[in-house]
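Reckoned from all heavy atoms, side chains included, excluding hydrogens, waters and symmetry mates.
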Amino acid sequence: MTLAPEEGEAPPRGVVPTWEYGPATDGDAGPVPQAPRRWRRRRLRTGGAVLGAVVLAAGGATYYLTTRSSGGSGFRTATVTVGSIRQTSSTTGTIAPATEADVNFAVAGTVSTVGVKSGAKVGTGQVLATLTSNQLRAQLLQARSTLANAEVKLATDQAAQSVTSANDTVTNAQSSLSQDQSNISYTRSSNSLALGQANQSVSQAKSQLASDTASLGQAVSDAKSQLASDTASLGQAVSDAKSQLASDTASLGQALSDAKSQLASDRTSGAAQVLAAQQQMKTDRTTTAQSVAQAKGQLATDQASLAGDRTTMSVDQATLVAAQQKEAIDCQGTGAVGAVMATGSAGSGGASSATGASSGTGLCATDQSQVTSDQSRVTSDQQAVTAAQQGVTKDQQAISTAELSESTTLSKDQQAISSAQLSVSATLSKDQQAIGTAQRNLTSTLEKDQQAIGTAQSNLSSALGKDRQAVATAQSNLVSTVQKDNQAVATAQENVASTGQKNQQSLSQAQSALATARQQLGQDQTSASVAAASQPSTLQADQAAIVAAKVTVAQDQQSLSEATLRSPIAGTVVSLAVSPGQSVSSGTTTVNGSVVAAPATSSGTATSSGTATSSGTATSSGTGSSSGSSSSGSSSSGSSSSGSSSSGSSSSGSSSSSSSSSAEVVIEPAGHYIVNAEVTTSQIGEVQDGEQAVITPSGATTSAYGVVTAFDTQGTTSSGVTSFPVTISVTGSPGGLYAGDSATVELVVKQVSNVLVVPTSAVHTLGSTSYVEVLENGKEQRRVVTVGASGSAETQVTSGLTSGQQVVLASLSASTASAGSGSTSGRFGGLGGGLGGGLGGGGGFARFSRAGAGG
């Protein structure tokens, strides 16, 4: 793998990066090939080192961070900052409308019209439905007729008096005397039976005391035996889990050591392979460079020779041209003289002319010979130039061949280096993965073993706690039950004495009642003799009947007006259970469970009548309620007022039996909701009025907000679990809420702002002490801290830290745990929060190797 010298650029063509060999760092075994200095800066910036590897750690979190500084250690840290923490408690609830009106007709009747439909919007006071009013109008007319009849009867009774009432009083007194005589016999018989039952209760209480003492004593013995058995069996389970932990620590620690040894061996052999490939490249570069230089030298020599040949040819060509010019002159002159001589006389001048011609011919021949010689030299020069040119061309081809061979050879060498580096990288990556796997196996197994120990210890503690509680409960039950049984015996014995005393008192009271009845009879007989002269109570009864009739008229008028059903609130009709022609009973209209309209009961009329009659009875010496009821019966007999009273009584009966399971019309206001939730015993102590809440309906991705408006500390227990009701009022009118839908509720039980906070995974707890690891001058320093509110991600620190400090989340150079080892020389970091839950609070596996299970 070749690293680029600058971002986005490759090394120049033909330039091969030179690798240096530096000293081993960070626990490396053997020399590590390093890039040139300016390339190493780029490698550190991008994290693309050849021998880099990624280690998977703890519960799905992936980290592999290293430092290359000599003697340095790597840490994953977080800064102590000022922030806010919200601590919540989760529960579930059901969404309900904030207001609901259950509307019913206040009178019974037949539905005439229905003016709305389900889903319709209605306003306050809007007519929902009406009843057929003919019967109500008839009842009103009947009530008015009854009032008129009562007024006529009063006038009649005023004109004619009667002693019937006085005679009835005497008859009643005689009946009371007979009843009191019978009561004395019944009281004596009842007292005897009650005393026998009280004595039987004493015997049963003593028998129960003996039975409970035996059975609960056995229960105490059984509970103690179970305690001894659980102590032995669960103690062995804890011992077995600890033995398994020791065995796994030894075996998996050896596997991790073997993987690290393989990594060191492969790193050494890989570095040797890369070095050999680099040396071969250096040798090939020298050899091919020499071949190219030799070809270029020969080219220069041949090019110089070519230039010399071209110069010689130019000189010879110039000489040839001069010779040709001279030949042209000399040969042309000789021909003219010959011609003159040939055409001239052939006489006396013939000898002289012949001599001149001979001389001219000699120069021409010489010139021609010279031209021929020069022409031959020029031809030879041209051949020499051509040969030299061919030599130059061949030299250029030789240079191209040498350069191509050099490029091919260096490319192959570069590929060999890259192949060796990739092979080393792949091998080391596999070795690193093997180490990571061994570390994970060790961590996972040790964590499981620790969990097994914790579970066994927890089971032991829980079982012993339950067994001790069972022993204490059995002993407490024994003491409590024996105490109750002793109390029952004492109470039964007291009942015997008390029953005897009460029996005597009841007998005395019966005898006193008998004497009183006899005295009352004498008084009533005396009163009857003067009844004809006294003012009869009949007139008062008549006046009371008139009052009752007037009340009935008022009630019937009200019933007629209540035949129209109106909406008490504005909202939406969500339920409609009436239709034209349907018969309905009288009912109650409520808003949020509070009654806003109830049926007018006619029992008030009867009560008023009774009151008046009782008043009349009072004039005849006040014999009590029985006398009053008798008089009431006589007052309702006869006239049409009896019919009115009967009508009112029927209406009252209808009212008392009209509690239907669902309202005739249900109206809910749009957009206003509450959430009815329940919390557990551990949560109720954190709930307060006005507490904020985050509400997320089932299946929704957005949340609504609300506040706690009501809660009850009186819980309801079902199947051993106690729950407490909490009501949350939803803030505003958010969309996506539907009545009857379930929702998740997060109660904000604690919220602090502007406090020091650290990641929760940085805090470790041993017993009642909490601490963090602070990074100072490249080293971890333990700091004891006091913690406050704690969320899932961050925890408040109230003392022990200052803002800006660096707390350690994981040591990336700490070694894995091994038997009896406290080493921190490994390359791999901690396991973050994954191991913290079982081994001391998120400090990571490296921290476990130094501090054990405490983190």
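Between the side chains of Glu668 and Thr572, no donor N or O sits under 3.5 Å from an acceptor N or O. Thr722 and Thr681 are not linked by any side-chain donor-acceptor pair at a separation below 3.5 angstrom, with hydrogens and angles left out of the test. Side-chain contact check for Gln683 and Thr680: at least one donor-acceptor pair (N or O, by modelled atom type) lies under 3.5 Å. In summary, the side chains of Ser698 and Ser742 do present a donor paired with an acceptor at a separation below 3.5 Å, with no hydrogens or angles considered. If you check the side chains of Ser729 and Thr709, you find a donor sitting under 3.5 Å from an acceptor. In the model, Ser723 has no side-chain atom that pairs as donor or acceptor with a side-chain atom of Thr716 under 3.5 Å.
The backbone N or O of Ala548 sits less than 3.5 Å from a side-chain atom of Thr552, completing a donor-acceptor pair. When atom types are taken as modelled, the side chain of Thr124 and the backbone of Ala570 share a donor-acceptor pair closer than 3.5 angstrom. The backbone N or O of Gln142 sits less than 3.5 Å from a side-chain atom of Thr146, completing a donor-acceptor pair. Proximity of a side-chain donor or acceptor of Thr589 to a complementary backbone N or O of Asn104 within less than 3.5 Å is detected. Checking side-chain atoms of Gln582 against main-chain N and O of Ala577 turns up a donor-acceptor pair under 3.5 Å. A side-chain donor-acceptor contact under 3.5 Å links Thr481 to the backbone of Asn477.
Of all the heavy atoms in Ile569 and Pro669, the pair that sits closest is CD1-CD, 4.2 Å. Closest of all the heavy-atom pairs between Phe711 and Ile684 is CD1-CD1, 4.1 Å. Looking at every heavy atom in both residues, Gln126 comes nearest to Lys121 through OE1-O, 4.1 Å. Across all their heavy atoms, Asp556 and Gln139 have their closest contact at OD2-O, 3.1 Å. A pairwise comparison of heavy atoms in Ala106 and Pro599 identifies O-CB, 3.0 Å as the closest pair. Residue Glu562 comes nearest to Val107 through the heavy atom pair OE1-CG1, 3.6 Å, listed as atom of the first residue, atom of the second, then distance.
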side-chain contact (heavy atoms from CB on, under 4.5 Å) assessment of Thr88 paired with Val694: CA-CA 9 Å; Thr88 62; Val694 181; over 6 Å; no

Verdict with reasoning, Ile674 to Ile728, per side-chain contact (heavy atoms from CB on, under 4.5 Å): CA-CA 6 Å; Ile674 61 173; Ile728 299 103; over 6 Å; no

Candidate pair Val726 and Glu678, rule side-chain contact (heavy atoms from CB on, under 4.5 Å), full reasoning: CA-CA 6 Å; Val726 177; Glu678 291 183 343; over 6 Å; no

Stepwise side-chain contact (heavy atoms from CB on, under 4.5 Å) test for Val573 and Val666: CA-CA 6 Å; Val573 177; Val666 179; over 6 Å; no

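Residue Lys750 holds its NZ atom at 9.5 Å from CD of Glu686, rounded to the nearest 0.5 Å. To the nearest 0.5 angstrom, Ile695 atom CD1 is 11.5 Å from Thr702 atom OG1.
Val749 pairs in a side chain to side chain contact (heavy atoms under 4.5 Å, CB included) with only one of the listed residues (Gln87, Arg86, Gln688), which is Gln87. Tested against Val675 for a side chain to side chain contact (heavy atoms under 4.5 Å, CB included), the candidates Val745, Thr91, Asp741 yield a single pass: Val745. Remark: of the listed residues Thr132, Thr130, Thr564, Thr130 is the sole one forming a side chain to side chain donor-acceptor pair (under 3.5 Å) with Thr113.
Within a 6.0 Å sphere centred on CD of Glu151, heavy atoms belonging to other residues, nucleotides or ligands number more than 12.
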